[in-house]
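Data block below; observations after.
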Amino acid sequence: TVAQVVNVIAPIRTTPEAMWKQTIFHPLALYRERLESVVLDPLVYCPSHRRAIKSSMHEREPLRAKVPVLDVLATRSEDGATLALAVINRSADAPVAAKFEFVHGAPAGDAKAWEITGESPTTANSLDSPEAVTTKGAGTHAMATGQIFTFPPCSITVLTCPWTEG
């Protein structure tokens, strides 16, 4: 919930001498700035990997679950003119290439991209390294059915493009 974000994971840290944005600040700000209001239901085919899931019911050995490497959120604007995709690549060390297929509409132009990533999965912002993890523009990319986009390891990418309902 938002209360947990505000009270426990404070997105902005301060001291009497300085202020810096915690790592969690960047996805919250990027999603707020770039995603649209209508949530869509994307169908995603991608590799999975096994992850340990801790549970008090299984104290001796954590559960192992298949988790998709890519986590995708698709949104569009109320008027249907803009599509936004947020993609998390959970792989710590491998880029993942994804092919886009669109149904009930099509991109009407190139996509603008923004990425959040760091040197490693444990990289975090701090007073000494306030920009270790930040949002960076990742250029403009062709967006069409069959187009392949490669997502960097351990990253969050948001793509936005004009959209034509169909």
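By convention here, the first residue in the shown sequence is residue 1. Note that the coordinates shown come from a computational prediction; the quantities given were computed from them, not determined experimentally.
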Nearest-0.5 Å distance, CG of residue Leu70 to CD1 of residue Ile88: 10.0 Å

Glu115 and Ser155: side chain donor to acceptor below 3.5 Å: no

Minimal non-hydrogen separation, Pro162 against Asp110, with atom names: CD-O, 3.6 Å

Leu30 with Leu35, same ILVMFWY side-chain cluster at under 4.5 Å: yes

For Pro11 against Phe25, the heavy-atom pair lying closest together: O-CB, 3.4 Å

Hydrophobic cluster membership, Tyr31 vs Val39, 4.5 Å side-chain cutoff: yes

Main-chain N/O of Gln22 paired with Arg13 side-chain donor or acceptor, under 3.5 Å: no

Rounded distance (nearest 0.5 Å) linking atom CG of Leu40 with atom NE2 of His104: 10.5 Å

Aromatic ring pairing Phe100/Phe149, orientation class (parallel under 30°, perpendicular over 60°, tilted between): tilted

Heavy-atom side-chain contact between Leu159 and Phe151 under 4.5 Å: yes

Closest approach of Ser48 to Lys66 (non-hydrogen atoms, all atoms of both residues): CB-CE, 4.0 Å

pair Pro152-Pro95: side-chain heavy atoms closer than 4.5 Å: no

Donor-acceptor under 3.5 Å (Thr123 side chain, Ser120 main chain): yes

Val72 with Val69, same ILVMFWY side-chain cluster at under 4.5 Å: yes

Closest heavy-atom pair and its distance - Thr134, Glu131: OG1-OE1, 3.4 Å

Min side-chain heavy-atom separation Asn89-Thr157 under 4.5 Å: no

Rounded distance (nearest 0.5 Å) linking atom OG1 of Thr14 with atom CG of Leu127: 10.5 Å

Nearest atoms (heavy-atom pairs only) where Pro68 meets Arg90: O-NH1, 2.6 Å

Nearest-0.5 Å distance, CG of residue Leu73 to CG of residue Asp41: 10.5 Å

In one Ile/Leu/Val/Met/Phe/Trp/Tyr side-chain cluster, 4.5 Å: Ile156, Trp114: yes

Point-to-point distance, once rounded to the nearest 0.5 Å, from CD of Gln147 to SG of Cys161: 11.0 Å

Nearest atoms (heavy-atom pairs only) where Ala81 meets Asp79: N-OD1, 2.9 Å

Side chain Ser129, main chain Ala124, donor-acceptor under 3.5 Å: no

Point-to-point distance, once rounded to the nearest 0.5 Å, from OG1 of Thr82 to CZ of Arg34: 11.5 Å

Heavy-atom side-chain proximity of His26 to Asn125 below 4.5 angstrom: yes

Thr135 side chain near Lys21 side chain, heavy-atom distance below 4.5 Å: no

Same apolar cluster (I L V M F W Y, side chains within < 4.5 Å links), Val87/Ile24: no

